[in-house]
Amino acid sequence: MNEIARPGESEVVPAPMPGAQPIVLRPDEAVPAPAPVSGGRGWLSPLNRRRLDNFRRNRLGYWSFLIFAALFVLSLFAEFIANDRPIVLSYKGEWLVPVLVDYPEEKFGGFLAVTDFRSPEIRKEIAEHGWALWPPIRFSYDTINEDLPTPSPSPPTWMLSDAQCKPVAEKLGGATCADIPWHWLGTDNTTRDVLARVIYGFRISVLFGLILAAVSSAIGVVAGAVQGYFGGWVDLAFQRFIEVWGGIPTLYLIIIISAFIAPGFFVLLGIMLLFSWVALVSVVRAEFLRARNFEYVRAARALGLSNLRIMTVHLLPNAMVATLTFLPFILNGSITTLTSLDFLGFGLPPGSPSLGELLAQGKDNLTAPWLGLTGFLVIAVMLSLLVFAGEAVRDAFDPRKSFA
């Protein structure tokens with residue numbers, strides 16, 4: 001068909017066929033303009049948009065994910081929520097941020113190297129020459145409260161009577177429980193605030209689980225991809241190595257290492273990384289074994305693409321579906337592992353905020369039920385939220401729903 005460019009117009013219109021009748025449109029029969037493209041989630045592919053919609057349809061898993069994410073973000077600012085230092089204060093016209101900076105006591109007329117802002121003299125000095133903004137909870141995870149209404153472990157303040165709080169309240173110029181700093185969940189056997197330790201312990205547990213799950217998943221994906229793609233003697237050698245390596249008892253190894261060095265956050269993380277990467281190898285290996293002989297992979301080899309490019313660009317996206325499906329459950333297992341080690345006494349150093357250590361205190365202090373109940377409820381809720389979110393992720397990547 002010939003095309004005619006009309007003068008003064010940029011677009012090219014097709015020339016009419018010989019003998020064809022021109023089509024005349026009435027004013028009310030104008031050609032409708034094309035619908036504008038929606039800008040929402042335009043960066044997602046149609047398949048990923050369906051997966052996201054499937055994830056949102058699982059209301060229990062979707063809201064569990066939002067609640068868990070909100071709690072984790074709040075725990076990242078634990079120093080601004082529970083601390084024995086003011087967030088910000090003004091002293092003699094100078095602005096100070098004690099929550100971030102250690103100030104010597106000589107700045108406030110004392111002589112110690114570090115200021116104790118819970119000291120009555122320091123608080124009086126600040127009140128006379130300025131003001132201070134305190135966190136909602138005036139205790140950090142390691143704050144020792146020597147002025148308790150009852151012997152430690154002390155019950156939550158809202159469970160005490162004014163007669164029990166009166167001796168401590170009188171020291172602070174009051175007479176009732178409302179005049180003393182509150183321990184909303186009580187204290188442990190060393191007079192430390194349980195709520196503050198729960199907030200800091202939740203942050204450590206989730207960070208430990210996230211780092212362990214992310215790094216071990218990355219190592220497991222690489223190992224499984226190499227096994228599945230190359231196969232043959234590479235696959236056979238890796239399988240025999242994994243069988244031997246996976247048979248080493250991790251708990252016994254941690255107990256042996258604890259006899260030589262004090263276990264810490266990074267020591268435990270390194271030991272767990274040595275063995276936790278095996279969890280995803282079989283899943284990724286199976287995906288690569290299944291897809292390495294597909295027609296598009298053979299076509300990519302015929303075009304001269306390198307093995308690394310075929311593995312990362314063409315095969316890895318398919319294997320990541322299984323990886324993302326298992327990731328919430330791997331995170332769940334990582335948190336449970338740290339909690340178990342802390343409960344047995346082979347985890348974080350003594351004094352560290354830990355949910356497992358709180359459970360151990362509840363076992364040793366049966367007359368203080370708030371310790372065991374608090375640790376149990378926090379761990380149960382945290383792991384339940386992760387399980388529900390993991391089920392929603394599994395449903396989102398289910399091929400029967402994504403391609404329906």
Side-chain angles (χ1 to χ4, degrees), residues 37-76 202-203 205-225 227-229 276-292 294 296-297 310-337 379-404:
V37 180
S38 175
R41 297 183 300 179
W43 52 276
L44 290 176
S45 65
L47 178 59
N48 288 330
R49 282 200 293 269
R50 287 195 295 269
R51 288 170 175 170
L52 181 59
D53 292 336
N54 291 336
F55 179 74
R56 289 180 172 178
R57 288 193 187 99
N58 191 325
R59 308 303 298 177
L60 179 60
Y62 177 66
W63 283 105
S64 297
F65 170 75
L66 292 181
I67 294 173
F68 181 83
L71 293 176
F72 175 60
V73 171
L74 285 177
S75 69
L76 295 178
F202 178 86
R203 180 175 66 178
S205 298
V206 177
L207 285 176
F208 183 89
L210 285 175
I211 297 174
L212 181 60
V215 179
S216 61
S217 298
I219 299 175
V221 166
V222 173
Q227 279 188 252
Y229 183 79
S276 59
W277 60 273
V278 182
L280 274 177
V281 172
S282 59
V283 178
V284 179
R285 170 180 172 269
E287 290 291 332
F288 274 75
L289 280 174
R290 181 179 62 89
R292 67 173 182 167
F294 283 174
Y296 72 91
V297 177
I310 295 175
M311 293 171 62
T312 57
V313 177
H314 299 285
L315 292 179
L316 186 59
N318 297 327
M320 288 305 295
V321 173
T323 302
L324 293 175
T325 303
F326 275 90
L327 193 58
F329 302 100
I330 295 176
L331 175 60
N332 198 324
S334 302
I335 295 175
T336 305
T337 300
I379 295 174
V381 170
M382 176 174 56
L383 298 183
S384 298
L385 292 176
L386 283 174
V387 169
F388 294 146
E391 291 177 349
V393 173
R394 183 186 59 193
D395 293 342
F397 286 94
D398 189 351
R400 294 171 296 181
K401 298 181 179 180
S402 300
F403 295 97

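Every side-chain contact (heavy atoms from CB on, under 4.5 Å) that Asn332 has, sequence neighbours left out, goes to Thr336, Leu383, Leu386, Val387. The side-chain contact (heavy atoms from CB on, under 4.5 Å) check on Ala291 picks up Phe294, Tyr296, Leu315, with sequence neighbours excluded. Under the ring-ring contact (aromatic ring centres under 6.0 Å, His included) criterion, Phe288 pairs with no residue, sequence neighbours left out. Every side-chain contact (heavy atoms from CB on, under 4.5 Å) that Arg394 has, sequence neighbours left out, goes to Thr325, Glu391.
The environment of Phe202 atom CZ is dense: over 12 non-hydrogen atoms of other residues, nucleotides or ligands sit within 6.0 angstrom. Annotation for Tyr229: atom OH counts as buried by contact number, over 12 foreign heavy atoms lying within 6.0 Å.
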key: From CA spacing to verdict: side-chain contact (heavy atoms from CB on, under 4.5 Å), Leu331, Ile335   = CA-CA 6 Å; Leu331 175 60; Ile335 295 175; 4.2 Å; yes
ask   = Going through the distances and angles, do Val284 and Gln227 end up as a side-chain contact (heavy atoms from CB on, under 4.5 Å)?
value = CA-CA 9 Å; Val284 179; Gln227 279 188 252; over 6 Å; no
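Taken to the nearest 0.5 Å, the CG atom of Asp53 stands 9.5 Å off from the CZ atom of Arg50. Put simply, CZ on Arg57 and CG on Leu52 are 10.0 Å apart, with the number rounded to the nearest 0.5 Å. For the atom pair Leu210 CG and Phe208 CZ, the distance stands at 11.5 Å (nearest 0.5 Å). Rounded to the nearest 0.5 Å, atoms CG (Leu280) and CD1 (Ile330) are 3.5 Å apart. The CG atom of Leu60 sits 14.0 Å away from the CZ atom of Phe65 when rounded to the nearest 0.5 Å.
Among pairs with a residue in residues 60-72, none fulfils side-chain hydrogen bond (donor to acceptor under 3.5 Å, both in side chains), at least two apart in sequence or across chains.
Residue Val297 comes nearest to Arg292 through the heavy atom pair CG1-O, 3.2 Å, listed as atom of the first residue, atom of the second, then distance. In plain terms, the two heavy atoms of Ala380 and Ser384 that are nearest each other are O-OG, 2.6 Å. The minimum heavy-atom distance between Phe55 and Ala389, with the atom names listed, is CE1-O, 4.1 Å. Between Val393 and Leu324, the shortest heavy-atom distance links the atoms CG1-O, 3.5 Å. In terms of heavy atoms, Gly390 sits closest to Phe329 at C-CZ, 3.7 Å.
Between Val222 and Trp277 the shortest side-chain heavy-atom distance does not fall below 4.5 Å. In this structure the side chain of Met382 reaches within 4.5 angstrom of the side chain of Val206, judged on heavy atoms. Side-chain contact check for Ile67 versus Val381: every heavy-atom pair is 4.5 Å or farther apart.
A donor and an acceptor atom, one from each side chain of Asn54 and Arg51, are nowhere located under 3.5 Å apart. Asn58 and Asp395 share a donor-acceptor pair across their side chains, judged by distance under 3.5 Å alone.
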Between side-chain atoms of residues 212-220 and protein atoms elsewhere (two or more places apart, or another chain), which donor-acceptor pairs fall under 3.5 Å?
from   : atom 1 : to     : atom 2 : distance (Å)
Ser216 : OG     : Leu212 : O      : 2.5
Ser216 : OG     : Ala213 : O      : 3.3
Ser217 : OG     : Ala213 : O      : 2.5

